[in-house]
Amino acid sequence: MHEFFLPVIQNALRSKGIETSKQINIEQPSDKKFGDYSTNIALLTAKECNRNPRELAQQIIEHLVFPPDTIAKIEVAGPGFINFYLTPFFIMHYVEQVLLDGNEYGKGRIGEGKRAIVEYVSANPTGPLTIGRGRGGVLGDCIANLLETQGYEVTREYYFNDAGRQMQILGESVRFRYLECCGQTIEFPDTHYQGEYIREIAENIYNAHGVALANSNELQIFKNSAEELIFSSIKKTLERLSIRHDSFFNEHTLYTPDEAGITANQRVIDALRENGYIAEYDGATWFLTTKLGQEKDKVLIKSSGEPSYRLPDIGYHISKFERDFAMMVNVFGADHIDEYPDVIEALKILGFDTNRIKIAINQFVTTTVDGQTLKMSTRKGNADLLDDLIDDVGADATRLFFIMRSKDSHLNFDVELAKKQSKDNPVFYLQYAHARICSLLRIALQETGFDPAFSKEYNLLQLLTSPVELQLGFALLDYPDMIKTSLRLLEPQKMVEYLHSLAELFHRFYQECPIIKAETDICKARLFLSLATRQVLRNGFRILGVSAPESM
RNA sequence: GUGCCCGUAGCUCAAUGGAUAGAGCAUCAGCCUUCUAAGCUGAGGGUUACUGGUUCGAGUCCAGUCGGGCGCACCA
């Protein structure tokens with residue numbers, strides 16, 4: 001709707017000779033008595049023009065020219081708001097558009113011809129996925145879905161490292177458990193991975209090789225089989241939540257020399273050095289972030305000769321620029337917050353357009369069981385496993401729980417409540433609306449023989465004039481704006497909120513308006529409205545990755 | 001100590017700087033002989049942690065105070 005109002009208001013301002021740097025906001029008032037849409041442009045520009053806002057608003061109104069039959073009423077209200085009321089004709093005409101567009105309804109074109117990359121999950125294969133990782137995974141998947149609705153060609157990427165110190169410890173952990181299988185008594189170090197899955201991997205190896213590996217100090221086989229098993233279990237877990245990646249980027253490629261015999265890491269060092277941001281001291285190679293006003297320089301190459309995580313991170317992002325992505329979204333948990341500024345600074349120094357990079361940070365998930373908050377750690381093996389949660393509450397509820405809160409808020413996951421499978425579960429409310437519509441359409445077909453999907457009598461929609469019908473129609477028309485807002489904020493939670501209010505309106509409509517029992521034309525019109533509602537629910541569910549059951 | 005996030009109803013959370021701060025759960029009172037009651041209608045419940053500031057207007061922005069979470073390695 002923004003596109004609908006914007007040019008008209010701009011024209012009115014121009015013909016009044018008003019120049020303003022202020023942005024024209026079109027918003028929905030919290031209360032319907034202030035109109036369907038509203039703008040505060042008169043309030044914003046009054047001071048610049050040295051005018052009374054209400055007077056100014058009145059004069060702007062006189063110059064507004066809308067297409068016929070679209071706006072029922074325009075008024076000045078309060079301190080100087082301009083409020084717009086849509087005609088019932090316009091609303092119902094738009095519902096028709098929902099039916100015509102079908103699965104395409106809500107799509108936009110701002111990303112057409114552009115490539116975007118979303119990086120998410122990116123857990124190293126040291127253990128099964130935890131609930132905390134799940135939140136980022138679902139968030140990333142939904143953001144990728146949102147980007148696709150706007151025409152972006154999206155790459156879903158998983159960045160991982162199977163070479164570092166943690167993998168070494170993983171291999172050793174498995175070896176210790178294996179030795180236990182062989183009958184040895186081991187003092188298992190606190191620093192190592194204590195999860196039950198390590199034993200299982202060790203038992204697998206024991207079953208395959210017996211005691212043959214007990215006297216070797218070779219870690220490779222333990223590390224490799226652990227990595228293989230853990231990675232496949234991670235992928236399986238993600239699959240259960242319909243989270244998929246189409247690109248796996250191994251950090252190790254940044255350590256591998258190219259045709260010229262130079263590694264990506266080395267190129268980063270060389271380029272930063274050329275710009276005067278590299279120095280060697282204390283045996284290490286440093287990124288001189290003190291020159292950028294930070295307290296300390298940051299190590300890029302440790303005195304051992306190995307790069308720290310920052311160096312490949314920079315190289316990794318350069319690879320995204322080289323792959324020519326117009327938008328790069330990084331999704332990660334709050335514990336990774338501090339690594340970002342350095343990477344961005346380095347990229348700026350090297351002349352990259354860092355505005356293309358968007359960071360979506362999700363706050364932590366705390367789980368409460370019996371009112372007790374649990375602290376999680378993969379290494380201690382007491383983490384809440386994502387798989388267990390999916391077992392308990394199902395994939396739909398898991399996904400919805402993760403995105404029904406703003407990513408900036410700590411998510412309090414009450415495991416007991418989620419396990420209940422009761423009607424308290426918010427996912428049921430949304431899905432029930434969809435199932436209800438499906439049932440309605442089935443019965444309508446049976447009893448009246450009318451199938452709205454194969455009829456084009458859309459003009460019948462104009463018969464619907466009751467407040468709840470118009471409110472429902474209006475909500476449908478708001479869907480495309482909702483997607484854009486959600487994407488701009490990288491916040492799928494907005495979609496959940498919207499779909500909830502849409503479901504609520506439908507339930508009310510269903511309660512107040514007899515549909516199959518209504519007179520023929522009214523019945524048809526209400527079935528059209530129901531069908532359009534189902535379409536928007538479906539389209540929204542697809543973005544959230546929640547299933548749309550035909551019956552419940 | 002310091003960087004980021006958060007503090008809103010009994011609980012979990014909403015509210016692109018807008019008009020009377022809203023949902024769900026919980027509590028209470030109604031609505032199924034009628035298209036799915038996993039639903040609908042209504043009631044109660046608030047000094048938006050605190051103190052200042054910015055402006056036509058602040059839960060929202062700024063400064064400070066208090067409280068909670070996450071970081072602050074030559075780990076990733």
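Reminder, nothing fancy here: chain letters follow the sequence lines and each chain counts from 1.
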Say you pick atom [atom1] in [N] and the same atom in [M]; how far apart are they, in whole Å?
N	M	atom1	value
B:U47	B:A21	C1'	13 Å
B:U54	B:G46	P	31 Å
B:G7	B:G59	C1'	11 Å
B:C50	B:G42	C1'	36 Å
B:U27	B:C70	C1'	36 Å
B:A14	B:U60	P	16 Å
B:C11	B:A29	P	23 Å
B:A23	B:G64	P	36 Å

Of the nucleotides [options], which one has an atom closest to the side chain of [X]?
X	options	answer
A:Lys494	B:C5, B:U41, B:A15	B:A15
A:Gln493	B:G18, B:A37, B:A15	B:A15
A:Glu504	B:A76, B:G24, B:U34	B:G24
A:Ala435	B:A76, B:C56, B:U36	B:U36
A:Arg442	B:U36, B:C6, B:A38	B:U36
A:Asp282	B:C74, B:C35, B:C40	B:C74
A:Asn412	B:G39, B:U12, B:A76	B:U12
A:Lys296	B:A73, B:C74, B:C35	B:A73

For B:C32, does the O4'-C1'-N9-C4 or O4'-C1'-N1-C2 angle fall within 90° of 0, making it syn, or is it anti? syn

Taking atom types as modelled, find out whether [X] and [Y] have a side-chain donor-acceptor pair closer than 3.5 angstrom.
X	Y	result
A:Gln28	A:Asp478	yes
A:Glu497	A:Gln493	yes
A:Gln266	A:Thr263	no

OP1 or OP2 of [N] under 4.0 Å from side-chain N/O of [X]:
X	N	result
A:Arg436	B:A38	no
A:Tyr429	B:C40	yes
A:Ser409	B:A14	yes
A:Lys302	B:A73	no
A:Ser303	B:C74	no
A:Ser30	B:A19	yes

Is there a donor and acceptor pair, one atom on the side chain of [X] and one on the base of [N], closer than 3.5 Å?
X	N	answer
A:Tyr432	B:A38	no
A:Asp335	B:A76	no
A:Ser38	B:A19	yes
A:Asp338	B:G3	no

Look at the side chain of A:Glu491 and the backbone N and O of A:Lys407, then say whether any donor-acceptor pair between them is shorter than 3.5 Å. yes

Under 3.5 Å, side chain of A:Thr149 to main-chain N/O of A:Gly108, donor-acceptor pair present? no

Need one value for [X]: base, sugar-phosphate or nothing, where a base atom within 4.0 Å counts as base even if backbone is also close, heavy atoms only.
X	value
A:Asn83	base
A:Pro341	nothing
A:Asn40	base
A:Lys484	nothing
A:Ile443	sugar-phosphate
A:His500	sugar-phosphate
A:Cys523	nothing
A:Glu512	nothing
A:Arg405	base
A:Ser439	base
A:Asp313	nothing
A:His410	base

In whole Å, I'd like the distance from the [atom1] atom of [X] to the [atom2] atom of [N].
X	N	atom1	atom2	value
A:Ile337	B:C75	CD1	P	22 Å
A:Phe450	B:C35	CZ	P	21 Å
A:Gln511	B:A37	CD	P	7 Å
A:Phe332	B:C75	CZ	P	20 Å
A:Ile516	B:U36	CD1	C1'	11 Å
A:His434	B:C35	NE2	C1'	17 Å

On RNA chain B, more 5' by nearest nucleotide between A:Ser406 and A:Ile82 is A:Ser406

Relative to the 5' end of RNA chain B, which residue comes earlier, A:Ser551 or A:Leu489, by the nucleotide with the nearest heavy atom? A:Leu489

Looking at the rings of [X] and [Y], which for Trp means the six-membered one, are their centres under 6.0 Å apart?
X	Y	result
A:Tyr316	A:Tyr309	no
A:His252	A:Tyr255	yes
A:Phe509	A:Phe506	yes
A:Phe160	A:Phe231	yes

Please check if atom CG in A:Asn50 has more than 12 non-hydrogen atoms from other residues, nucleotides or ligands closer than 6.0 Å. no

Salt bridge present between A:Lys298 and A:Glu339 (N-O < 4.0 angstrom): no

Approximate separation, where rounding is to 0.5 Å, of A:Leu56 CG and A:Leu43 CG: 9.0 Å

Tell me whether A:Phe34 and B:A19 count as stacked here, given that the ring centres must be under 5.5 Å apart and the planes must differ by less than 30 degrees. yes

Which helical stems does RNA chain B take part in, if a stem means at least 3 consecutive Watson-Crick or G-U pairs with both distances below 3.5 Å? B:1-7 with B:66-72, B:10-13 with B:22-25, B:27-31 with B:39-43, B:49-53 with B:61-65

